[in-house]
There are 2 protein chains.
Amino acid sequence: MPRRVTIDDVARLAEVHKATVSRALNAQTRDQVNAETLKRVKRAARQLGYVPNAMARGLRTSKSMTIGVIIPDLMNPIFPPIIRGIEHVLQAQGYTVLIANTDSHDEVEVSAFESLLQRRVDGFILATGRLDDQPVVEEAATADVPVVLVNRDSGVGRYPLVSGDNARGIELAVTHLVELGHPRIIHVAGPPNFSTTRTRAEAFEAAATRAGVEHDTIYATALSTDAGFEAAEKLLSDNGVAPSALVAGNDLVALGLIRRLRVQGLRCPDEVSVVGFNDMPFAGDFWPPLTTVRMPLREIGAEAARLLLRGIEAGEQEAATLTLPVSLVVRGSTGPFRS
Amino acid sequence: MPRRVTIDDVARLAEVHKATVSRALNAQTRDQVNAETLKRVKRAARQLGYVPNAMARGLRTSKSMTIGVIIPDLMNPIFPPIIRGIEHVLQAQGYTVLIANTDSHDEVEVSAFESLLQRRVDGFILATGRLDDQPVVEEAATADVPVVLVNRDSGVGRYPLVSGDNARGIELAVTHLVELGHPRIIHVAGPPNFSTTRTRAEAFEAAATRAGVEHDTIYATALSTDAGFEAAEKLLSDNGVAPSALVAGNDLVALGLIRRLRVQGLRCPDEVSVVGFNDMPFAGDFWPPLTTVRMPLREIGAEAARLLLRGIEAGEQEAATLTLPVSLVVRGSTGPFRS
DNA sequence: TTGTAGGCGTTATCAT
DNA sequence: ATGATAACGCCTACAA
């Protein structure tokens, strides 16, 4: 591998000092340099195939123009749209996004964070919020690095959070099921250590009570199809009376529920109605097409990025919570109650 | 923001020279330092919350321990598993993965590549291969940076490629449909500038001819549900005789085809059988569950990462092509021919 | 086993 | 408008 071209090489060819090259090649300082020389420098740079070294620059400027994004599970289809929103905003500002996927593994989360910190990312977007002990958020606080939480809140620290309106979403779901005549609704929530779970479960309790409908909440062990499948299992074995309407913790859980119900010979929506949450990609292609609460995933990512950028520029962060509006998408997994 | 802790700060507190700190903190050179001092250094580092600066290190070592991954479309569900495979291998070796998503936009691809090059990534994994003009691959060649292609081959340059056995996959699909008695099979291929499209289309031609079945190939404008939908549209309007069996360019196209057929009142698999390609996540949850060719996506990513690492270590790359075995997953979207 | 010194490629601050 | 110089934080011969 031939040694990389440096700013000195360009300077030599253009017959100017490297400081001039630096000025010529940076938009900020470009106007400080003579039009003639600018042209010469540019030509030399192109001719040599000069590529500025971001590490050297970052070392000097103590900015990496890099943002770390930590995701609990890339395989969950809600994250690609969120990431896209993040990237869209950040790329436009010249930032590069470093994505780390933890597979919901705590120790991976810590090491990913550490690794990103070593790279001196200018800020973090964390989608891994948990209400219980979360070392990374604490570390972020001591490291004094800008952080924005996305989707899920964290129990510790006070960081900005961008999410959809979980409470409103549940309310819409419950109202929809009540209007369909369902006398009894079960909420199959996610793990209790997610803020989303808590908010949704509370909203469910409130909405169902207000509607005067019989209701109950059970907790899945994760926000996955498998966990949904298991939850349905428990539901079917525990309960004498099979419920006619289910509000799932998210779309994956909904999918798992439906799968298990089908095994039991229970048709959705004929015998059981199921509402999902998130409106993840392809939610409309499943069988049956999922009725679900639409989260503006892309926008959530974009807003998180904007909030982070603002925090970085300001040098300090306001602990604002940004809640974006949601809506109910009625498709095929819900139908009228039939006794 | 308080100034970051440097190796000098640690050295001062531990009362040693910074060179000793450096040695103590690097696994490679740790054994060169006295056990006592090692302990002191470690304690000092922890006490100060020292985080090594990867940019400074990279500048010095001219290695970034960073790999750039360029993906055409993160929203395509085949990529998360591939990325996971890549990350799994790379993280274990201390590398950080920089993911750039181009949304199939050429100019974004170039700028992402440029940006990654500036960061002095130690190598690239490109999932954006195209047979026609592809500036990035050429740039990679002139920049003399290690590259591994994943899934799709490129027309220019000679880089290692890791993919599934496309030809064999199509063969399995055709055989399956022929065994079901279908007398006429249409291949709805992807865009012709993808190597996968070409390989699959050729294999289709060969397999169908060999089986002595009537057949034809049409090309979708993209590998997406929308493009599949449109292709079905064309198929239905052009053709007097509706085909009874379709081999799609990938699962997304298959989904689009099925969607459009349903609009037409054509039931899958009762009236039309459809085979997908890739076995992307959730392929089994659609309606009907997709019969498709299973690509070992995770393994493809992992092998690409291994190949790249080998190339980086060796300082040169063998232009090997690694083709991983595929299989047919028979689910609900294919059924016997009914005249 | 530890210290010394130089340099990786840039940019910022001077001085010219 | 341009040049000279130092410094960002780290690693690695080499010397002690």
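What you are looking at is a predicted structure, and each value in this text was computed from that prediction instead of being measured. In what follows, chains carry the letters A, B, and so on, assigned in the order in which the sequence lines appear, proteins first and then strands, with residues in each chain numbered from 1.
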Separation of [N] [atom2] from [X] [atom1] (nearest whole Å):
| X | N | atom1 | atom2 | value |
| --- | --- | --- | --- | --- |
| B:Lys63 | D:dC10 | NZ | P | 19 Å |
| A:Ile7 | D:dA4 | CD1 | P | 14 Å |
| A:Leu25 | C:dG9 | CG | P | 16 Å |
| A:Asn34 | D:dG3 | CG | P | 11 Å |
| A:Arg60 | D:dA6 | CZ | C1' | 8 Å |
| A:Glu15 | D:dT2 | CD | P | 13 Å |
| B:Met55 | C:dT11 | CE | P | 13 Å |
| A:Arg12 | D:dA4 | CZ | C1' | 16 Å |

Minimum heavy-atom distance B:Asn151-B:Ile78, with the two atoms named: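 So the minimum-distance heavy-atom pair works out to ND2-CD1, 3.8 Å.
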
Compare the minimum distances between each of [options] and the side chain of [X], then state the nucleotide with the smallest one.
| X | options | answer |
| --- | --- | --- |
| B:Val16 | C:dT10, C:dG3, D:dT2 | C:dG3 |
| B:Arg23 | D:dA6, D:dC10, D:dT12 | D:dT12 |
| B:Arg57 | C:dA12, C:dT2, D:dC10 | D:dC10 |
| B:Ala56 | D:dC10, C:dG9, D:dT2 | D:dC10 |
| A:Thr6 | D:dT12, C:dG9, D:dT5 | C:dG9 |
| B:Leu59 | C:dT2, C:dC8, D:dG3 | C:dC8 |
| A:His17 | C:dG9, D:dT5, D:dG9 | D:dT5 |
| A:Thr20 | D:dG3, D:dA1, C:dG3 | D:dG3 |
| A:Asn26 | D:dG3, C:dT11, D:dC10 | C:dT11 |

Is the shortest side-chain N/O distance from B:Thr37 to OP1 or OP2 of C:dT2 below 4.0 Å?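 Indeed, a polar side-chain atom of B:Thr37 lies that close.
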
Heavy-atom neighbours of B:Gln32 CD exceed 12 at 6.0 Å: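 Above 12, so yes.
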
Counting only heavy atoms not in B:Lys63 (residues, nucleotides, ligands), do more than 12 fall under 6.0 Å from its NZ?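 Yes.
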
Scan [X] against the nucleic acid and name what it touches under 4.0 Å (heavy atoms): base, sugar-phosphate only, or nothing.
| X | result |
| --- | --- |
| A:Thr29 | nothing |
| A:Ser62 | nothing |
| A:Ser22 | base |

Most 5' of B:Ala35 and B:Arg120 on DNA chain C, judged by nearest nucleotide: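 Looking at the nearest nucleotide for each, B:Ala35 comes out on the 5' side.
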
Test side chain to side chain donor-acceptor pair (under 3.5 Å) on A:Arg119 and B:Thr96 and set out the steps. CA-CA 9 Å; A:Arg119 305 218 131 84; B:Thr96 295; 2.3 Å; yes

Between B:Arg84 and B:Glu87, is there a side-chain N and carboxylate O pair less than 4.0 Å apart?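 Salt bridge absent between B:Arg84 and B:Glu87.
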
B:Arg306 with B:Glu303: basic N within carboxylate O range, under 4.0 Å: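 Looking at B:Arg306 and B:Glu303, the cut-off is met.
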
